[in-house]
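Following: one structure in structure tokens, then a few remarks.
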Protein chains: 2
Amino acid sequence: MDVARLAGVSQKTVSRVFNDEPYVSADVRRRVLEAVEQLGYRRNNAARALASGRSRSIGVVTLGTALYGPASLLMGVERVVRDTGYALRVVNTMEGDPSGVAGAVDSLLDQGVDGIVISEPIDETGPEGETALRVDVPVLVLGAPPGLTAPTVLTAGDGADVMARTATEHLLNLGHPTVHHLAGPQRWYAARDRLEGWRATLTAHGRELPPVVEGDWSAASGYRAGLELAADGAPTAVFAANDDMAIGLIRALTEAGLRVPQDVSVVGFDDIPVAAYITPPLTTVRQPFDTVAQEGLKRLVHAIENPDADPLPPSDPPVDLVVRASTAPPADRTTPARARRTASRPDGGTPAPRPRNGGPSSRP
Amino acid sequence: MDVARLAGVSQKTVSRVFNDEPYVSADVRRRVLEAVEQLGYRRNNAARALASGRSRSIGVVTLGTALYGPASLLMGVERVVRDTGYALRVVNTMEGDPSGVAGAVDSLLDQGVDGIVISEPIDETGPEGETALRVDVPVLVLGAPPGLTAPTVLTAGDGADVMARTATEHLLNLGHPTVHHLAGPQRWYAARDRLEGWRATLTAHGRELPPVVEGDWSAASGYRAGLELAADGAPTAVFAANDDMAIGLIRALTEAGLRVPQDVSVVGFDDIPVAAYITPPLTTVRQPFDTVAQEGLKRLVHAIENPDADPLPPSDPPVDLVVRASTAPPADRTTPARARRTASRPDGGTPAPRPRNGGPSSRP
DNA sequence: ATGAAAGCGCTAACAG
DNA sequence: CTGTTAGCGCTTTCAT
């Protein structure tokens, strides 16, 4: 180590300086830092990882899509991870990937990550398959828990059912007799949660449970679903499992001569950036991607660095229903007064310079 | 190394098996593989990197946004990188990040990556600043070249000007006297290219160059721009630098009582998944993110593994104008026959189950 | 408060 | 075809 020689100290001392270890005199520290500067030295992380057994990196498994949700989550994770002093390794697994999440996790383990984040897990149990993952580092699952074994398994961002309930109740409060659901692909736990929240709400209110239409998150699938729905005798209210599908759905309804929200109310999910600017501006549930990622990561890092301590508890993410112009009371039947009151907000349609906090919002 | 002992061979032989090196008898190979299986052995990448001096990983610098473009590029990169046998390290840099791209690159270098991808570079030269990056591994810049020094600097996906030309010409061919431009933030090279392509086209056709309105990629900024444009006496044709802004723009125009495309034609850029399903379906330029990422990475890996060979040449990405219903000939003035012919396509508005190839498209 | 010595698990460069 | 001998650049452990 040239730096050590230049500074006239031992290798170990240089190491101490770099790691902010105690017991280094100010003078020595300064000399070392100077030598480092002069030589343009940067420490070798591979060697560090080898010697210490920790790579100071966290692996993320994402779906190989540019879908707003997964992409936002990934960005959220990246944003936090650097502050914690860890590096990020990313592997993605496409739907239909033969090796799937297991393969992705494996490749991360190969890389020697200290912890793993599984963003948006999907159910990959084949016809018979039981994928029992076994991992020897802490894992954070963003969305819902798959069956895996690890020293610590944390979950975060699994409040989708509550949010789905909020969306559904919004529609019910508006006076709609029932609410249809345009679900996401049921292999995704996130999609299941939303479906479940919707179902539970209707059941709790003693409403009829219309058949579920399943899409694949894409606007195209929402469009197809809308065509179907319109043909089958249009519903008065639909809760779509994401905004893209909601947009496709609205398009199909519009083409079928149905007006939104006068004839059909539509609620989306995510609050993608354009949601406020389409016609009509979309009522939707905002997902707190950043908060979820941030909080989850904090807990993961804690678990990595304190293997024996109790894991940090999760906190409930806020539910943020953004009411815009795609929802209204049903036109063709008597509306209960209560609902009408709730719904009588004018101007829901003007997307003012979208306030950071999402404008009109309510939480039940 | 337990595996070596169990298989009754030397450590080096195990190494050979793992690296698919020649000169290993089938029998020995089998024995090693068995031992590996039995012990659940996985090789330590840190040690490998330390000993070999190569980390077999590629670093990506992204902007910390969930913007469709950057996110798609990242996904595209990830999708290819695993096939090449490399791992991906991701660092992002938010706009306004003090350390900026330089800091991101630095942290990647710290991690010992073998190559770097800079996705969507932005100009970070401050009031005075000259950021002369010096990197000792090959770099691929997706979008346009910043000032950096590296053994190899590859660029890809810098065909935005050509695409912008296509968009602008489409509008001109429709018979519009001139075309306004809703530009992206000019710190982004991608935004500059589009602006340049637009400007060059108008100039080449001897048209008037209307003042440029600059947005920040968001639908919100497009909305604000639309309000401005409508107040200043509406244009008949606008080319927006991305779809999100186009959507905000259309919203503002609509609220101002202007019809799209009857009063104003709008062309977007990117072809985001919902573009075909908004009202009206958006005419836009599809960006070949996947192709760009894939080809670029192939070239980067080549440069990494053949430091002395000539870098692979880039190939021109296809230009794909997707004509939908947001563009039409201008209503209020005589339209040249040529343009009218080009434009007389009925049904541009029906988003059929979006064909893989994007439906109606043309290239000049 | 500092240093010396001993590896971490692998691959490189040569033998055989 | 296979084995031996050295490190890669750091952290660890134990002295001092």
Side-chain angles (χ1 to χ4, degrees), chain A residues 1-36 39-57 85-87 107 109-114 136-137 304-305 307, chain B residues 1-36 39-57 85-87 107 109-114 136-137 304-305 307:
Chain A
M1 208 185 228
D2 301 335
V3 175
R5 205 162 342 101
L6 211 177
V9 297
S10 78
Q11 209 180 103
K12 174 63 216 178
T13 301
V14 174
S15 171
R16 276 201 254 269
V17 170
F18 263 92
N19 295 326
D20 283 318
E21 279 170 41
Y23 305 129
V24 191
S25 71
D27 179 57
V28 169
R29 160 167 277 117
R30 195 185 39 68
R31 264 175 23 232
V32 169
L33 258 17
E34 253 167 31
V36 164
L39 267 39
Y41 166 82
R42 59 196 335 152
R43 87 178 137 198
N44 181 321
N45 258 287
R48 210 155 104 92
L50 177 56
S52 68
R54 308 200 314 129
S55 66
R56 276 147 256 256
S57 71
Y86 283 76
S107 107
L109 255 20
D110 262 356
Q111 295 180 46
V113 295
D114 295 338
D136 54 3
V137 297
I304 291 172
E305 297 180 346
Chain B
M1 206 186 230
D2 302 336
V3 175
R5 204 164 341 103
L6 211 176
V9 298
S10 79
Q11 211 180 98
K12 176 64 212 178
T13 301
V14 174
S15 172
R16 276 202 253 269
V17 170
F18 263 92
N19 296 326
D20 283 319
E21 278 170 43
Y23 307 128
V24 190
S25 71
D27 179 54
V28 168
R29 159 166 278 116
R30 195 185 40 66
R31 270 187 3 244
V32 170
L33 258 17
E34 253 167 31
V36 164
L39 266 40
Y41 165 81
R42 60 195 335 150
R43 87 177 137 196
N44 180 323
N45 257 286
R48 207 156 105 95
L50 177 57
S52 69
R54 308 200 314 128
S55 66
R56 274 147 256 254
S57 72
Y86 282 77
S107 108
L109 255 19
D110 262 356
Q111 295 178 47
V113 296
D114 295 338
D136 54 0
V137 298
I304 292 173
E305 297 180 346

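Side-chain atoms are counted along with the backbone in the values below, which use heavy atoms only and exclude waters and symmetry mates. Quick note on labels: first sequence line is chain A, next is B, and so on, each numbered from 1. What you see is a predicted model; the values in this text were computed from it and never measured.
- Side-chain nitrogen and oxygen atoms of T13(A) include at least one within less than 4.0 Å of the OP1 or OP2 phosphate oxygen of dG3(C).
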Would you please test R48(B) and N19(B) for side chain to side chain contact (heavy atoms under 4.5 Å, CB included) and show each step? CA-CA 11 Å; R48(B) 207 156 105 95; N19(B) 296 326; 3.0 Å; yes
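- Nucleic acid contact class of N19(A) (heavy atoms, under 4.0 Å, all strands): sugar-phosphate only.
- Rounded to whole angstrom, the span from the CD atom of E21(A) across to the P atom of dA1(C) amounts to 13 Å.
- The side chain of V9(A) lies closest to dG3(C), out of dG3(C), dC10(D), dT2(C).
- The interatomic distance linking R5(A) (CZ) with dA4(C) (P) rounds to 13 Å, in whole Å.
- Between Y23(A) and dT16(D) there is no side-chain N or O to OP1 or OP2 distance below 4.0 Å.
- Applying the salt bridge (Lys or Arg N to Asp or Glu O under 4.0 Å) criterion to R43(A), with sequence neighbours excluded, gives no partner residue.
- Residues passing the salt bridge (Lys or Arg N to Asp or Glu O under 4.0 Å) test with R56(B), sequence neighbours excluded: none.
- The shortest distance between the side-chain N/O atoms of S15(B) and the OP1/OP2 oxygens of dT11(C) is below 4.0 Å.
- Taking R30(B) as the reference, D27(B), E34(B) meet the salt bridge (Lys or Arg N to Asp or Glu O under 4.0 Å) condition, with sequence neighbours excluded.
- Between D110(A) atom CG and dC10(C) atom P the separation is 11 Å, expressed in whole Å.
- Listed by chain and number, the residues in a side chain to side chain donor-acceptor pair (under 3.5 Å) with R16(A) amount to none (sequence neighbours excluded).
- No N or O donor and acceptor, one from the side chain of R42(A) and one from the base of dG9(D), sit under 3.5 Å apart.
- For E305(B), the side chain to side chain donor-acceptor pair (under 3.5 Å) test picks out Y86(B), with sequence neighbours left out.
- Every residue two or more places apart in sequence or in another chain was checked for a side chain to side chain donor-acceptor pair (under 3.5 Å) with D20(B), and none qualifies.
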Close N/O contacts between protein and nucleotides 5-8 of chain D (under 3.5 Å):
from: dC8(D); atom 1: O2; to: A51(B); atom 2: N; distance (Å): 3.3

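- In this structure S25(B) satisfies the side chain to side chain donor-acceptor pair (under 3.5 Å) test with no other residue, sequence neighbours excluded.
- The interatomic distance linking R31(B) (CZ) with dC1(D) (P) rounds to 14 Å, in whole Å.
- Comparing the start and finish of the helix from dA1(C)-dT16(D) to dG16(C)-dC1(D), five pairs each, the helix axis swings through 30°, to the nearest 10 degrees.
- Regarding R16(B), its CZ atom lies at a distance of 8 Å from the P atom of dG3(D), rounded to whole Å.
- Residue R48(B) places at least one side-chain N or O under 4.0 Å from the OP1 or OP2 atom of dT11(C).
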If you apply the rule side chain to side chain contact (heavy atoms under 4.5 Å, CB included), what do you find for I304(A) with R54(A), and how did you get there? CA-CA 10 Å; I304(A) 291 172; R54(A) 308 200 314 129; 4.0 Å; yes
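- Summarising the geometry, the separation between CZ on R54(A) and C1' on dC10(D) is reported as 14 Å, rounded to the nearest angstrom.
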